Amino acid sequence: DTAVSQTPKYLVTQMGNDKSIKCEQNLGHDTMYWYKQDSKKFLKIMFSYNNKELIINETVPNRFSPKSPDKAHLNLHINSLELGDSAVYFCASSPSGLAGSGELFFGEGSRLTVL
Amino acid sequence: GNSVTQMEGPVTLSEEAFLTINCTYTATGYPSLFWYVQYPGEGLQLLLKATKADDKGSNKGFEATYRKETTSFHLEKGSVQVSDSAVYFCALSRSNDYKLSFGAGTTVTVRA
């Protein structure tokens, strides 16, 4: 069973469209994250939810809206897509923040290409 | 704020060569330090970690020692294999923090 799964893995779309990426974890973790990885592999945190509550909201355009219907799911919706949104988006989870092992468990990534 | 600086890549090595990737950090207090690895087409996974000064993390032949006096956490492996080709990320977190701060990543390619 995949611990952190994201769908879709690949997404190609036109500028101006709206798209969503879904993430689910079956590890029983309390905290989930969205990271953006650019073409130079630089990783930037976007959002984090702990038990469905937003706890990290970095400087991200408000075209990006996360939603956590329950603690096992964290979805990312992007409105009015722009060329600069092209990246790989990673979902991750951890138990109670970074307490304990301090380990983040990552999904395989969703590669978004905006044309 | 917290930040991590790691050596720029890409790094290209021959099999059985010695690998070092430098990582230094800036943080208040006593952060935990991590190395994550991203194999081609995959998400990141934890490679090793150290939670206090002088701790040594090790896994899969890789080692890194938490050096508070030099604020460093350099990654080393004595004899790399082709399968070690990946992007390596240094990271830190503060206790009770919800966020890992990642370095820029170092791409390593090992040639047979």
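Bear in mind that the values here come from a model prediction, so they are computed numbers and not experimental data. Throughout, a chain's letter reflects where its sequence line sits, starting with A, and its residues are numbered from 1.
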Practice task
Give a yes or no on whether A/Tyr10 atom OH has more than 12 heavy-atom contacts from other residues, nucleotides or ligands under 6.0 Å away.
Solution key: no

Exercise for the section: Taking A/Tyr33 for its side chain and B/Leu100 for its backbone only, find out whether a donor-acceptor pair lies under 3.5 Å. Expected result: no

Problem - Residues that B/Ser79 engages under side-chain contact (heavy atoms from CB on, under 4.5 Å), provided they are two or more places apart - result: B/Glu16, B/Gln81

Problem - Portion of A/Lys40 that has a non-hydrogen atom of chain B nearer than 4.5 angstrom - result: backbone

Exercise for the section: Mark yes when over 12 heavy atoms from residues, nucleotides or ligands other than B/Lys68 sit less than 6.0 Å from its NZ; otherwise mark no. Expected result: yes

Handout entry: Over 12 foreign heavy atoms within 6.0 Å of NZ, A/Lys71
Key = yes

Problem - Hydrophobic cluster membership, B/Phe18 vs B/Val80, 4.5 Å side-chain cutoff - result: no

Handout entry: chain B contact via A/Gln37 - side chain, backbone, both or neither, heavy atoms under 4.5 Å
Key = side chain

Practice task
Find out whether A/Leu104 and B/Phe34 are in side-chain contact, i.e. whether some heavy atom of one side chain is under 4.5 Å from a heavy atom of the other.
Solution key: no

Handout entry: Residues of residues 106-115 of chain A near chain B, each having a heavy atom less than 4.5 Å away
Key = A/Phe106, A/Gly107, A/Glu108

Practice task
Output the distance between atom OH (B/Tyr36) and atom CD (A/Glu103), rounded to the nearest 0.5 Å.
Solution key: 5.5 Å

Problem - Over 12 non-hydrogen atoms of neighbours within 6.0 angstrom of CZ in B/Arg111 - result: no

Exercise for the section: Using a cut-off of 6.0 Å, state whether more than 12 heavy atoms not belonging to B/Glu42 lie near its atom CD. Expected result: yes

Exercise for the section: Step through the shown structure and confirm whether more than 12 heavy atoms of other residues, nucleotides or ligands are within 6.0 Å of CD on B/Glu8. Expected result: no

